[in-house]
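Predicted model only: the values in this text are computed from it and were never measured. Below, all heavy atoms of this structure are taken into account, side chains as well, without hydrogens, waters or symmetry copies.
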Amino acid sequence: MPLVRSPRTQRDPYSVAARARSVLACPAAADLRRDGLPVDLAEEVLGLDDDAGRPTLVCRADAALLTAAARREVVSLHLTGGVDAGDPARADQLHLTGRLALGAGERCGSCPEEHRVAVLEPSAVVLTVRGRATPVPVADFLSEEHVLNRGYLTRAAQHATTCHGEELRRAVSRRTGLPPARLLAASLGALTPAGVDLRWIDAEGAHSERLRFSPPAATPAELGELLRRHLDGGVC
């Protein structure tokens, strides 16, 4: 009799690899070391992003990390998870080791300067949950199955709330008939590939409505399109 294997659950937010990617997508703290010595991230790095499981460090022009990346130096990066971050001592911890490489330049909307990027190519990944360390296969960690992890979804909802408040108020106004002027605030709550909580506050108090996506999003591009379709075309 042939052995029947159960199919892998895709985009499982509780799988080890997805949970590890969640820490990378939404970190509360970061510690980077070269030759065992800490790097002053506040002085050298403008931002930390997740590029399909590869940490990308947007660097200042004079950052020593760029030299390290050009030399393909081995570094270690330790991240503390920012999802459900109440007690930092209980937060998920992610430790990555790998070589740096120079990435493509990036531009931000606030300045004309192109920033250079150092990319960490992971060779070893370890996730620690409540004191228990678990090695994560690098191939699983980099899998596109985990792109819509909880950390990514949390940051996406936070971004919409912080940067697109006007668009969210318009969305509430269209759905409820309330004039935007009567809305004190609007925000996004729990965001998943299958839907999002739209929340708002008016003179009568706090309200929430669950907007469901059918079919659910499978990629960040699909998620963005669904958010614009259900909320407002200005949401990115």
Side-chain angles (χ1 to χ4, degrees), residues 8-34 36 38-42 44-59 65 74-98 100 117-163 187-197 199 217 219-220 223-224:
R8 293 181 60 184
T9 301
Q10 294 190 0
R11 294 179 295 278
D12 177 6
Y14 301 105
S15 72
V16 174
R19 191 161 181 165
R21 282 284 292 276
S22 182
V23 177
L24 175 58
C26 187
D31 177 71
L32 182 69
R33 293 179 180 261
R34 294 174 58 196
V39 174
D40 190 341
L41 294 177
E44 296 202 28
V45 175
L46 298 169
L48 170 64
D49 295 315
D50 171 16
D51 181 11
R54 296 168 177 82
T56 60
L57 302 145
V58 182
C59 298
L65 277 178
V74 175
V75 299
S76 64
L77 177 64
H78 188 91
L79 301 172
T80 299
V83 176
D84 298 331
D87 180 3
R90 295 173 60 85
D92 290 359
Q93 307 289 324
L94 181 64
H95 191 84
L96 303 105
T97 303
L100 289 177
V117 173
V119 181
L120 195 161
E121 299 176 344
S123 59
V125 181
V126 177
L127 176 69
T128 300
V129 178
R130 297 180 181 177
R132 181 177 180 179
T134 303
V136 182
V138 174
D140 288 352
F141 181 74
L142 298 177
S143 172
E144 64 181 13
E145 292 182 6
H146 308 307
V147 64
L148 295 181
N149 58 73
R150 289 186 65 206
Y152 177 88
L153 295 167
T154 297
R155 288 189 67 174
Q158 292 172 346
H159 168 78
T161 296
T162 301
C163 301
S187 64
L188 293 188
L191 174 62
T192 73
V196 65
D197 289 340
R199 299 173 177 174
T219 66
L223 181 67

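Under the 4.5 Å side-chain criterion, counting only non-hydrogen atoms from C-beta, Val75 is not in contact with Leu77. A 4.5 Å side-chain heavy-atom check between Leu32 and Val45 finds every atom pair outside the cut-off. Side-chain contact between Pro27 and His78 is absent, with no heavy-atom pair separated by less than 4.5 Å. Under the 4.5 Å side-chain criterion, counting only non-hydrogen atoms from C-beta, Val117 is not in contact with Asp49. Within the 4.5 Å cutoff, the side chain of Arg21 has heavy atoms near those of the Asp50 side chain. A heavy-atom distance below 4.5 Å is not found between the side chains of Leu48 and Leu41.
Shown here are the side-chain hydrogen bond (donor to acceptor under 3.5 Å, both in side chains) partners of Asp51, two or more places apart in sequence or in another chain: there are none. Not counting sequence neighbours, the partners of Thr192 by the side-chain hydrogen bond (donor to acceptor under 3.5 Å, both in side chains) test are Arg210.
Between the Thr161 side chain and the Ala157 main chain, a donor and an acceptor come within less than 3.5 Å of each other. A donor-acceptor contact shorter than 3.5 Å links the side chain of Gln93 to the backbone of Ala91. Of the possible polar contacts, none joining the Ser76 side chain to the Thr97 backbone as a donor-acceptor pair under 3.5 Å is found. Arg130 contributes no side-chain N or O that, together with a main-chain N or O of Arg90, makes up a donor-acceptor pair within less than 3.5 Å. Judged purely by atom type and a 3.5 angstrom limit, Glu44 has no side-chain atom pairing as donor or acceptor with the backbone of Val39. Judged purely by atom type and a 3.5 angstrom limit, Ser143 has no side-chain atom pairing as donor or acceptor with the backbone of His146.
We find the CG-SG distance between Asp92 and Cys26 to be 11.5 Å, quoted to the nearest 0.5 Å. Between atom CD of residue Gln158 and atom OG of residue Ser187 there is a gap of 11.0 Å, rounded to the nearest 0.5 Å. Here the OG1 atom belonging to Thr219 is positioned 7.0 Å from the CG atom belonging to Leu148, to the nearest 0.5 angstrom. Between the OG atom in Ser15 and the CG atom in Asn149 there is a gap of 9.5 Å [rounded to 0.5 Å]. Atom CD of residue Glu121 and atom CG of residue Leu142 lie 10.0 Å apart, to the nearest 0.5 angstrom.
Between Val196 and the options Leu223, Leu188, Leu153, a side-chain contact (heavy atoms from CB on, under 4.5 Å) holds for only Leu188. Among Val138, Val23, Val125, Val136, the single residue meeting the side-chain contact (heavy atoms from CB on, under 4.5 Å) criterion with Leu96 is Val125.
In terms of heavy atoms, Gly98 sits closest to Ser123 at CA-OG, 3.6 Å. The minimum heavy-atom distance between Phe141 and Gly53, with the atom names listed, is CE2-O, 3.0 Å. Heavy atoms only, all atoms of each residue included: Ala156 and Leu191 are closest at CB-CD2, 3.8 Å. Nearest approach of Gly151 to Ser22, heavy atoms of both residues: N-OG, 2.7 Å.
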Q. Run the side-chain contact (heavy atoms from CB on, under 4.5 Å) check on Leu65 and Leu100 step by step: do they pass?
A. CA-CA 8 Å; Leu65 277 178; Leu100 289 177; 3.9 Å; yes

